[in-house]
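This is a predicted model, so every value here is computed, not measured. Convention: sequence-line order gives letters A, B, ...; per-chain numbering from 1.
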Amino acid sequence: MPRVIVASRMSVRPYTLVTDSAALGDCLETLRGQPLIGLDTETTGLDPFTSRVRLVQFSTPGDVFVIDCFAFGALEDSRLVGLLELPRPIKILHNAKFDARMLERHAGARLRGVFDTYLASQLVEAGAHGQTHSLRAVAERHLGVAIDKRQQLSDWSGILSADQVEYAAADVRVLLPLRAKLVEKIRELGLINVAKIEFDCAPVVARMENAGIYIDRVRWEALCEVTERAHAILRDRLMEDFSGAVQQMALFGKAEINLDSPTQVQDALHRLGIPVEGTRATELQHFAKHEIVARLLEYRTVAKQLTSYGRAMLDHIHPVTGRIHPQFIQIGATSGRFACMDPSVQQIPNAPEYRDAVRAPEGRTLVVADYSQIELRILADWSQDTALMKAFQSGEDLHRVTASQMFNVPLADVTKSQRSAAKSLNFGLMYGMGAQGLAMRIESSVAEAERLVHKYFSAYRGVEQWLREAGEQAVRDRESRTRSGRLVRYEFDDEDRAQTAGIARLGKNVPIQGTSADITKVAMIELDAALSGTDAQIVNTIHDELVVECDESIADATRDAVERTMTWAGQQFIRSIPVVVETSVSVAWNK
DNA sequence: GTGAAGGGCCAC
DNA sequence: AAACGTGGCCCTTCAC
């Protein structure tokens with residue numbers, strides 16, 4: 001053992017272990033004069049509410065400082081907090097969200113001036129398959145150096161081994177050269193704007209995760225109980241309905257049917273003479289005249305509610321905060337959209353009974369704000385289609401206007417089914433939907449769907465042209481860009497027509513979906529800054545919607561700030577038509 | 001037992 | 001045969 005320590009001591013450059021206030025002063029003196037510093041932390045666990053910060057490490061081109069927060073009150077030192085909160089020097093971190101959560105929780109610091117090598121790697125790789133973005137992988141890819149991560153999850157709460165401190169020093173040392181390589185790529189690929197957005201967003205996401213979202217346990221449990229009863233009743237009745245089929249199946253050794261098994265359900269339906277092809281809801285709907293199929297559809301809905309949105313949600317309530325702290329993945333989709341997990345609070349059913357249970361605690365309130373038709377506005381702005389722009393400038397109901405233009409009828413004479421067809425086209429065409437897809441969706445013949453698509457594009461020539469060119473360009477250049485310059489690269493075999501068609505669809509959708517993500521991220525950054533110094537806090541982001549929680553006494557001011565910053569962010573990317581943000585103030589997540 | 005794949009379904 | 005984009009969660013099935 002001693003041998004290993006000696007050997008590794010000799011093989012690495014020195015570092016300074018900071019264990020008192022005077023040494024911290026010297027360390028901060030050195031750091032303040034730097035334009036760029038590496039920053040990392042070692043913590044006793046991964047959860048900011050139950051773990052402590054043991055080490056804070058800084059690097060400069062010539063020095064590494066390892067601050068032992070257990071040796072003295074480093075995290076209470078206002079000089080350290082001041083350095084973290086100033087925009088300069090720039091702090092280089094790998095996955096800044098993690099350290100920002102810890103530093104906010106334990107030092108009360110609002111981290112600013114971030115360069116995040118994790119996010120930078122994701123931007124530079126632009127969605128390439130099979131690339132991971134761990135510090136180890138990124139350092140190996142760009143610097144050709146191997147990093148030993150064996151100590152990462154070691155016990156950081158006791159007496160530090162030389163190995164541990166050296167690991168901590170090595171980790172932070174690599175960040176400066178790594179940034180240099182990544183900056184080069186960011187410049188080459190024209191990603192400076194989007195990188196700035198992502199880096200500034202990371203501390204905002206950290207605060208959002210730390211804040212968490214409140215769920216009313218009693219309301220949620222009541223919802224679960226209702227669902228459980230309905231589930232039991234439907235299950236029993238379906239078992240009776242299926243008994244004939246099950247008896248047949250029993251001849252083959254199967255005495256029961258699992259209603260949650262699509263294969264078993266299909267088999268049983270076949271035995272009852274119902275020739276379903278798969279058991280998806282859209283397929284079952286065609287056979288809903290059979291009582292058993294109708295009941296199965298009901299069962300599916302309830303089963304989904306019970307499993308995905310049942311008591312499991314309550315297991316996520318944190319014992320320390322009493323709130324849910326989901327994980328937001330900042331570049332969750334290659335388009336730049338967020339993803340969310342453990343639990344995903346982006347996919348809670350949009351039904352009043354569920355949204356009522358997601359609320360503000362006593363004395364507080366929610367401001368809920370979403371962009372009105374943001375993706376279609378992006379399409380209108382990008383394509384400069386005269387008719388679509390005019391439709392938005394009129395301020396009328398968009399789908400109704402579309403129907404009026406498609407079918408050449410006055411606005412007031414648009415029928416329900418005309419509006420519905422227009423709506424399907426407005427949304428579907430952005431995803432690269434064809435006539436066949438439309439026919440499926442609106443349950444018409446393909447010929448009828450073709451006629452509708454033709455009518456749509458006759459009204460919106462500019463949209464047709466933009467979509468076609470966006471698809472062609474994606475296939476030709478093997479990449480797409482959003483308005484912020486975010487890059488998405490495509491790997492495909494251009495001999496494969498199905499793959500090529502898929503890339504063309506992405507080429508239409510990625511710039512639109514991704515620009516929407518750009519806008520939401522800029523809005524979050526601006527809003528977080530506007531709300532600093534108040535008790536208002538962003539608690540959820542759902543693609544084109546933000547949820548803010550604040551004391552009810554500042555609800556109006558908060559709503560104004562939300563509306564102003566979101567509108568402003570939208571206008572940074574959409575210049576030729578209005579950006580509309582709809583806000584509401586409510587104690588629950590209902591609009 | 002564990003993990004991957006696929007079906008199904010929730011969100012925008 | 002494929003058929004509108006981006007995700008995550010839960011279940012069953014099947015291979016190891």
A.B. asks: Rounding to a whole Å, what distance do you find between A:Glu256:CD and C:dT12:C1'?
C.D. replies: 15 Å

A.B. asks: Is a donor on one side and an acceptor on the other found under 3.5 Å between the side chain of A:His316 and the backbone of A:Met313?
C.D. replies: no

A.B. asks: If you look at every strand shown and take non-hydrogen atoms under 4.0 Å, does A:Asp370 touch a base, only sugar-phosphate, or nothing?
C.D. replies: nothing

A.B. asks: Measure from CZ on A:Arg300 to P on C:dC11 and round the result to the nearest Å.
C.D. replies: 14 Å

A.B. asks: Mark yes or no for whether A:Asp116, through its side chain, and A:Ala96, through its backbone, hold a donor-acceptor pair below 3.5 Å.
C.D. replies: yes

A.B. asks: List the protein contact pattern of nucleotides 2-7 of chain C with one symbol per nucleotide (5' to 3'): B for base contact, S for sugar-phosphate-only contact, - for none; contact means a heavy-atom distance under 4.0 Å.
C.D. replies: BBBBBB

A.B. asks: If we check side chain to side chain contact (heavy atoms under 4.5 Å, CB included) with A:Met524, which of these qualifies: A:Thr565, A:Thr541, A:Asp200?
C.D. replies: A:Thr541

A.B. asks: If you apply the rule side-chain hydrogen bond (donor to acceptor under 3.5 Å, both in side chains), what do you find for A:His286 with A:Glu443, and how did you get there?
C.D. replies: CA-CA 11 Å; A:His286 296 135; A:Glu443 304 206 302; 3.0 Å; yes

A.B. asks: Taking only the side-chain nitrogens and oxygens of A:Thr279, find out if one of them lies under 4.0 Å from OP1 or OP2 of B:dG8.
C.D. replies: yes

A.B. asks: So, does A:Gln264 get its side chain near the phosphate of C:dT13, meaning an N or O under 4.0 Å from OP1 or OP2?
C.D. replies: yes

A.B. asks: What about A:Lys304, does its side chain sit under 3.5 Å from the base of B:dC9 through a donor-acceptor pair?
C.D. replies: yes

A.B. asks: Taking any heavy-atom pair under 4.0 Å as a contact, classify A:Ala517: base, sugar-phosphate, or nothing.
C.D. replies: nothing

A.B. asks: Any idea which of B:dG8, C:dC11, C:dC9 is nearest the A:Thr307 side chain?
C.D. replies: C:dC11

A.B. asks: Suppose you measure atom P in C:dC4 against the same atom in B:dA5; what distance do you get, rounded to whole Å?
C.D. replies: 25 Å

A.B. asks: Is A:Arg280 close enough to B:dC9 that one of its side-chain N or O atoms is under 4.0 Å from OP1 or OP2 there?
C.D. replies: no

A.B. asks: Just to be sure I understand the rule, does A:Arg497 reach a base, reach only the sugar-phosphate, or reach nothing, if contact means heavy atoms closer than 4.0 Å?
C.D. replies: nothing

A.B. asks: Step by step, work out the salt bridge (Lys or Arg N to Asp or Glu O under 4.0 Å) result for A:Arg486 and A:Glu198.
C.D. replies: CA-CA 10 Å; A:Arg486 184 189 306 278; A:Glu198 294 295 354; 2.8 Å; yes

A.B. asks: State, with a plain yes or no, whether a side-chain heavy atom of A:His454 is found less than 4.5 Å away from one of A:Glu464.
C.D. replies: no

A.B. asks: Separation of A:Tyr309 atom OH from B:dG8 atom P, in whole Å?
C.D. replies: 17 Å

A.B. asks: Whole angstroms only, please: what is the CD-C1' distance between A:Glu582 and B:dC12?
C.D. replies: 15 Å

A.B. asks: Under the 6.0 Å and 45° cation-pi test, does A:Arg478 pair with A:Phe492?
C.D. replies: yes

A.B. asks: Whole angstroms only, please: what is the CD1-P distance between A:Ile542 and C:dG8?
C.D. replies: 16 Å

A.B. asks: Tell me: CD of A:Glu298 to C1' of B:dC9, nearest whole Å?
C.D. replies: 17 Å

A.B. asks: Write down the distance separating the P atoms in B:dG7 and C:dA3, rounded off to the nearest Å.
C.D. replies: 14 Å

A.B. asks: Any donor-acceptor pair under 3.5 Å linking the side chain of A:Asp518 with the backbone of A:Ser484?
C.D. replies: yes

A.B. asks: A:Ile512 near the nucleic acid: base, sugar-phosphate alone, or nothing, with a heavy-atom cut-off under 4.0 Å?
C.D. replies: nothing

A.B. asks: What does A:Ser516 touch in the nucleic acid at a heavy-atom separation under 4.0 angstrom: a base, only the sugar-phosphate, or nothing?
C.D. replies: nothing

